[in-house]
Participant: 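Questions regarding the structure given below will be posed in turn.
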Amino acid sequence: MKVIRAKHAGVCYGVERALDMAQAAMMDDETTYTLGPLIHNPKVVEKLSAHGVQVANDVDDIDSGIVVIRSHGVEPSVLDCLNAKGLTVIDATCPHVAKAQRAAAELRDLGGTVLVIGRAEHPEVRGLCGHAGNAAVVVAGVEEIPAELSEPVGIVVQTTESKEKLGAVVEALRSRGIEPVVKNTVCFATRQRQDSAAMLAEEVDAIVVIGGKNSSNTTHLFEICKAHCPRSFFVESVDELDAAWFDGCETVGVTAGASTPEDQIDEVVDYLETL
Ligand code: SF4
């Protein structure tokens with residue numbers, strides 16, 4: 001079976017940067033924590049843990065040492081709390097996320113509603129809401145746009161959302177006579193991965209999407225692939241693959257979310273090439 005990798009797939013700049021910063025921090029004598037799992041990839045988090053990087057799920061769980069803020073960023077209040085505790089803070093917030101946070105704060109200052117397109121429970125979205133303040137309303141899609149909105153309506157987007165979803169929300173507002181102030185904060189790496197996954201899914205018999213099941217950007221990649229190729233499969237690692245999924249296939253595509261390292265992609269490609 002011929003295996004084709006998406007032109008853009010796997011670890012993005014922001015995740016690589018956060019990993020480098022955490023690895024540099026763990027060389028220090030002090031205990032290193034990450035506030036939440038550093039990336040949405042259980043295997044990588046396990047490896048970091050084996051090297052002494054501990055995951056703290058709450059600021060209250062850390063009393064001393066070094067804290068790495070992951071690429072998703074945090075609410076300003078969390079940063080204030082860490083600094084007030086006198087902890088050494090290493091801020092690995094991805095520069096694209098930091099830009100989205102600044103955009104959220106600018107929209108807040110306009111005085112109307114700030115629609116944050118994304119998953120309410122995602123840490124990046126919680127951070128964006130923290131910057132947008134009380135004006136923030138999280139919408140996962142068009143169906144969640146509230147009936148009552150204060151104008152001007154601003155829109156900021158979770159960096160790993162799709163541009164199609166942003167377009168749909170903008171159109172829905174325009175159909176209500178509202179011209180929103182749009183900050184398109186979908187990041188370039190996400191767009192590249194989504195576009196190359198869509199192109200690849202069109203040309204193969206089946207496609208495998210690799211990444212953490214709790215990873216937003218991987219979930220979106222899977223949705224995009226599914227829309228173009230009915231035989232799309234979402235796995236966290238090579239162990240989940242089943243040869244029967246590929247019966248009758250001549251070509252299979254492989255793509256991966258922004259938290260999936262090269263070695264995990266290689267394992268999947270190597271396995272598929274044996275079929
Ligand atoms: S997907 Fe984009 S915003 Fe998110 S960490 Fe990677 S580069 Fe940064």
Side-chain angles (χ1 to χ4, degrees), residues 6-25 34-45 48 53 55 68-75 78-79 90-107 116-132 138 140 155-166 182-198 209-225 234 236 255-262 264-265:
K7 190 171 171 202
H8 299 284
V11 168
C12 63
Y13 154 77
V15 166
E16 198 161 358
R17 178 174 173 272
L19 284 167
D20 286 348
M21 290 170 89
Q23 276 157 2
T34 60
L35 201 50
L38 187 65
I39 61 174
H40 285 149
N41 185 302
K43 283 198 162 185
V44 173
V45 173
L48 285 169
V53 178
V55 177
V68 181
I69 305 289
R70 54 193 173 170
S71 58
H72 306 307
V74 291
E75 304 92 305
V78 171
L79 215 44
I90 295 179
D91 190 353
T93 304
C94 174
H96 296 289
V97 175
K99 189 174 158 200
Q101 292 174 341
R102 288 193 296 276
E106 281 168 30
L107 293 173
V116 180
I117 302 176
R119 280 171 42 200
E121 72 281 9
H122 193 282
E124 181 191 325
V125 172
R126 289 203 301 271
L128 291 176
C129 289
H131 285 79
V138 181
I155 300 179
V156 66
V157 194
Q158 184 179 349
T159 53
T160 48
E161 275 292 349
S162 65
K163 57 184 190 282
E164 288 77 13
K165 194 177 280 183
L166 169 61
V182 179
K183 303 281 187 184
N184 181 354
T185 46
V186 177
C187 97
F188 184 60
T190 299
R191 278 203 296 266
Q192 275 184 327
R193 278 155 184 71
Q194 290 174 349
D195 291 346
S196 50
V209 183
I210 316 162
K213 292 279 164 59
N214 55 354
S215 155
S216 275
N217 74 82
T218 316
T219 303
H220 286 306
L221 276 184
F222 176 64
E223 287 165 357
I224 288 165
C225 288
F234 185 169
E236 283 195 349
T255 185
S259 301
T260 308
E262 279 302 300
Q264 289 180 25
I265 302 174

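In listed order, ligands and their atoms are each counted from 1. Values in this document were obtained by computation on a predicted structure and should not be read as measured data.
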Participant: I'd like to know if the side chain of K7 and the backbone of Q192 have a donor-acceptor N/O pair within less than 3.5 Å.
Facilitator: no
Participant: Excluding waters, which protein N, O or S atoms are within less than 2.8 Å of atom 2 (Fe) of ligand 1?
Facilitator: C187 SG
Participant: List the steps and the verdict of side-chain contact (heavy atoms from CB on, under 4.5 Å) for V44 and L19.
Facilitator: CA-CA 9 Å; V44 173; L19 284 167; 3.7 Å; yes
Participant: On a heavy-atom basis, which atom in T190 and which in E161 lie closest, and how many Å separate them?
Facilitator: CG2-O, 4.0 Å
Participant: For S259, does its backbone N or O pair with a side-chain atom of N41 as donor and acceptor, under 3.5 Å?
Facilitator: yes
Participant: First locate atom NE2 of H40, then atom NZ of K213, and finally report the distance between them rounded to the nearest 0.5 Å.
Facilitator: 14.5 Å
Participant: Please check if any side-chain donor atom of E124 sits under 3.5 Å from a side-chain acceptor atom of T159, or the reverse.
Facilitator: yes
